[in-house]
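Counting convention: from 1, in listed order, for ligands and their atoms alike. Only a predicted model underlies this, so the values are computations on that prediction, with no experimental measurement involved. Throughout, numbering of the chain's residues begins at 1 and tracks the sequence.
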Amino acid sequence: MKKEDVYKKLTDAVVSGDEKLSTATAHDAISMELDAYECIQQGLNKGMQIVSDLYEQRKVFVPQILRSARAMNMAVEILKPHLEVDSKSSGTVVLGVVEGDIHDIGKNLVKLLCEAAGYTVVDLGKSVTKDAFVASVKDSSPQVVGMSSLMTTSMVGMPDVIAAVREVDGNIKIIIGGGAVSQSYADTIGADGYADDAAKAVKLIGKLVGA
Ligand code: B1M
């Protein structure tokens with residue numbers, strides 16, 4: 001089997017929410033010594049993006065979305081130990097989905113790729129309050145705080161988090177991402193950057209911390 005066929009099988013497994021196929025294909029990918037990062041990006045993530053579009057078009061519904069997310073997560077767990085970890089870049093990144101928002105699939109991808117790039121990630125999870133971001137900045141002194149939002153109702157909480165975090169540490173870099181936000185929103189609220197996918201988020205963090 002060619003690597004493109006494996007990526008496509010991973011994509012199809014996520015789209016159809018088939019966890020048996022996603023996990024079996026992840027094992028195949030490992031035995032073929034394929035790059036775990038590429039399997040996640042070219043295979044699983046692509047599948048999740050397709051499912052998201054189908055949901056928007058009302059061609060799939062919540063139960064299918066959840067099956068797809070599970071198929072993806074189970075394959076990620078198999079691939080994760082095989083990600084090449086870059087031991088050179090270092091630093092701490094605090095990540096969280098903003099308050100009121102439970103969409104964490106994209107944030108989890110950002111976490112995974114940050115860890116693969118050698119960052120220590122403090123994952124605050126989903127629906128994270130401003131106070132929890134502030135407490136985490138005090139506790140772990142990160143170089144970067146990353147906020148994710150997929151809902152127009154939750155993205156409006158980002159400016160308050162930025163102000164509160166900067167009160168604790170004026171030098172901290174703050175980035176945002178997720179379907180609800182954009183570069184222009186990042187500029188408007190004074191974030192240091194925006195990324196539209198997880199791989200770009202890692203590059204952006206590297207640029208901001210001078211790695
Ligand atoms: Co819902 N949901 N959802 N949802 N959901 C959206 C976001 C929505 C756009 C669908 C729609 O109606 N068109 C809509 C929001 C509308 C809006 O505000 N504009 C919506 C809604 C309304 C809701 C509910 C309110 C539905 C309801 O109950 N009536 C409810 C909300 C509950 C809440 O949060 N309080 C709800 C619930 C759910 C599920 C639980 C069923 C499930 C979430 C499961 C989970 O996350 N654990 C779900 C899902 C899956 C979606 C869609 C279909 C897919 C999101 C996703 O995971 N995409 C979504 C529609 C869509 O996005 N097209 C939708 C795949 C993921 C890999 O992409 O997260 O964008 P994404 O991440 C990308 C980039 O954005 C980037 O990297 C990733 C790719 O590499 N990125 C970052 C993400 N975070 C980043 C952070 C960074 C940098 C990059 O730096 C820090």
Side-chain angles (χ1 to χ4, degrees), residues 10-11 14-15 17 22 37-76 91-117 119 121-129 133 136-137 142-158 161-162 165 172-183 185-186 189 191-209:
L10 289 168
T11 302
V14 171
V15 172
S22 70
Y37 176 88
E38 291 300 326
C39 291
I40 291 168
Q41 284 291 90
Q42 304 291 332
L44 301 171
N45 190 21
K46 206 174 257 179
M48 206 56 224
Q49 298 296 352
I50 292 172
V51 179
S52 300
D53 292 344
L54 291 172
Y55 181 80
E56 299 275 288
Q57 298 158 20
R58 299 187 190 284
K59 290 185 180 156
V60 304
F61 299 96
V62 170
Q64 285 126 297
I65 283 277
L66 295 178
R67 273 200 298 276
S68 293
R70 188 175 154 79
M72 171 165 167
N73 289 338
M74 290 182 69
V76 163
T92 300
V93 178
V94 164
L95 285 179
V97 178
V98 294
E99 189 171 12
D101 196 331
I102 62 162
H103 297 90
D104 64 355
I105 298 171
K107 183 270 297 167
N108 291 342
L109 268 176
V110 176
K111 175 187 178 185
L112 187 73
L113 300 193
C114 280
E115 286 176 341
Y119 294 97
V121 176
V122 180
D123 181 6
L124 300 179
K126 51 198 172 188
S127 197
V128 179
T129 62
F133 275 108
S136 175
V137 166
Q143 285 73 44
V144 178
V145 170
M147 287 186 277
S148 181
S149 166
L150 268 82
M151 295 174 69
T152 44
T153 46
S154 66
M155 66 188 243
V156 293
M158 287 178 163
V161 177
I162 294 179
V165 161
I172 206 156
K173 302 294 180 195
I174 302 176
I175 69 162
I176 66 170
V181 298
S182 60
Q183 181 63 57
Y185 187 63
I189 65 176
D192 296 293
Y194 158 80
D196 65 6
D197 77 28
K200 288 182 196 157
V202 176
K203 280 196 191 132
L204 174 63
I205 291 169
K207 213 168 104 189
L208 290 171
V209 302

**Asp197 CG to Lys203 NZ distance, which is reported to the nearest 0.5 Å** = 8.0 Å
**Request:** Can you measure from CD1 (Ile105) to CG (Leu66) and round to the nearest 0.5 angstrom?
**Result:** 7.5 Å
**Request:** Could you give me the CA-CA distance, side-chain angles and deciding distance for Met72 and Leu109, then say whether side-chain contact (heavy atoms from CB on, under 4.5 Å) is met?
**Result:** CA-CA 11 Å; Met72 171 165 167; Leu109 268 176; 3.8 Å; yes
**Heavy-atom donor-acceptor pair, Tyr37 side chain to Ala116 backbone, under 3.5 Å** = no
**Prompt:** Would a distance-only check, ignoring hydrogens and angles, find a side-chain to backbone donor-acceptor pair under 3.5 Å from Ser127 to Gly100?
**Reply:** yes
**Asked** Is Lys107 close to Asp123 at the side-chain level, that is, under 4.5 Å between some pair of heavy atoms?
**Response** yes
In a simple table, one pair per line, please give the protein and ligand 1 atom names for every N or O pair closer than 3.5 Å, along with the distance.
from	atom 1	to	atom 2	distance (Å)
ligand 1	2 (N)	His103	NE2	3.0
ligand 1	3 (N)	His103	NE2	2.9
ligand 1	4 (N)	His103	NE2	2.8
ligand 1	5 (N)	His103	NE2	3.1
ligand 1	13 (N)	Glu56	OE2	2.6
ligand 1	18 (O)	Thr152	N	2.9
ligand 1	18 (O)	Thr152	OG1	3.1
ligand 1	34 (O)	Ile102	N	2.8
ligand 1	35 (N)	Gly100	O	2.9
ligand 1	46 (O)	Asp104	N	2.8
ligand 1	46 (O)	Asp104	OD1	3.3
ligand 1	47 (N)	Asp104	OD1	2.7
ligand 1	58 (N)	Ser52	OG	3.0
ligand 1	63 (N)	Glu56	OE2	3.4
ligand 1	77 (O)	Ala198	N	3.3
ligand 1	80 (O)	Asn45	ND2	3.4
ligand 1	80 (O)	Ala198	N	2.9
ligand 1	84 (N)	Ser148	OG	2.8

